[in-house]
Amino acid sequence: MNIAEMFYSIQGEGILSGVPSVFIRTNHCNLRCTWCDTPYTSWQPEGREVELDGICAFVEEHTRGHVVLTGGEPLIATQAAELTQRLRELRQHITIETAGTVLPGGLACDLMSISPKLANSTPHQRDGGRWAASHERLRLNLDVLKRLAAEFEYQLKFVVTGPDDLDEILGLAAALRAPAHRVLLMPEGTTREAVAARAGWVSEVCKREGFRYCPRLHIELYGNRKGV
Ligand code: SF4
């Protein structure tokens with residue numbers, strides 16, 4: 001499996017924020033978000049092949065019971081389902097962090113952390129805009145999103161950049177019939193200052209709509225560094 005990095009850290013986002021977890025970050029993504037915070041899995045992919053046995057050995061060595069399969073887009077990895085089944089055999093709690101554009105069969109998962117990509121993610125200005133059309137075509141797959149929400153325990157996590165995002169969020173939450181407590185709004189930003197600058201109005205939207213405010217704990221703890 002092509003892996004960008006494996007590390008043991010604190011889950012920084014979502015309803016399991018604060019839980020010590022092993023992170024398995026796959027390389028490669030089918031999207032190109034303009035603000036991607038792991039460009040080494042998307043815009044400039046860097047990875048190495050690691051056998052499933054090697055991944056499982058790393059998990060067994062470091063874990064306290066929680067594993068996060070993330071990316072890039074982990075669900076485009078051909079061995080994603082097989083890996084999750086191996087993690088299930090190791091009695092791990094498995095979170096999968098996905099943009100929700102593809103759904104392979106045979107996944108074992110305890111928390112599907114679905115982060116649909118909003119219009120704010122489309123890279124019109126980046127790399128000459130050459131990824132914008134494919135990103136726009138792929139970023140939302142309502143059929144896959146509905147199946148993910150129906151088949152798994154889930155959270156719906158939106159990266160928000162401005163108040164203009166709200167109509168799209170409300171439309172998706174309604175289309176998925178997602179109760180408000182499953183909807184998380186997370187300020188976009190890879191520095192404490194950038195997150196803090198959006199925190200005020202994002203929290204007010206959460207209070208008004210009953211959504212959950214989603215801090216970026218790992219940014220507070222470590223900044224935007226790889227492997228922590
Ligand atoms: S889906 Fe995630 S990994 Fe892929 S480009 Fe967007 S932010 Fe980066």
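Residue indices begin at 1 and follow the sequence shown. In each ligand, atom 1 is the first atom listed, and ligand 1 is the first ligand listed.
Applying the salt bridge (charged side-chain N to carboxylate O under 4.0 Å, His left out) test to every pair with at least one member in residues 81-91, sequence neighbours left out, gives these pairs: Asp53-Arg86, Arg88-Asp110.
Qualifying side-chain contact (heavy atoms from CB on, under 4.5 Å) partners for Cys29, counting only residues two or more places apart in sequence or in other chains: Leu31, Arg32, Ser42, Glu73. With sequence neighbours excluded, the residues that form a side-chain contact (heavy atoms from CB on, under 4.5 Å) with Ala119 are Arg139, Glu168.
The residue from Glu49, Gln79, Arg48, Glu46 that alone fulfils the side chain to side chain donor-acceptor pair (under 3.5 Å) condition with Asn2 is Glu49.
Using a 4.0 Å cut-off between a side-chain N of Lys or Arg and a carboxylate O of Asp or Glu, Arg130 and Asp127 qualify as a salt bridge.
Counting atoms of ligand 1 from 1 in the listed order, those under 4.0 Å from a heavy atom of Gly72 are 3 (S).
Within the cation-pi definition used here (under 6.0 Å to the ring centroid, within 45° of the axis), Arg126 qualifies as a partner of Trp43.
Note on atom 6 (Fe) of ligand 1: protein N/O/S atoms under 2.8 Å are Cys33 SG.
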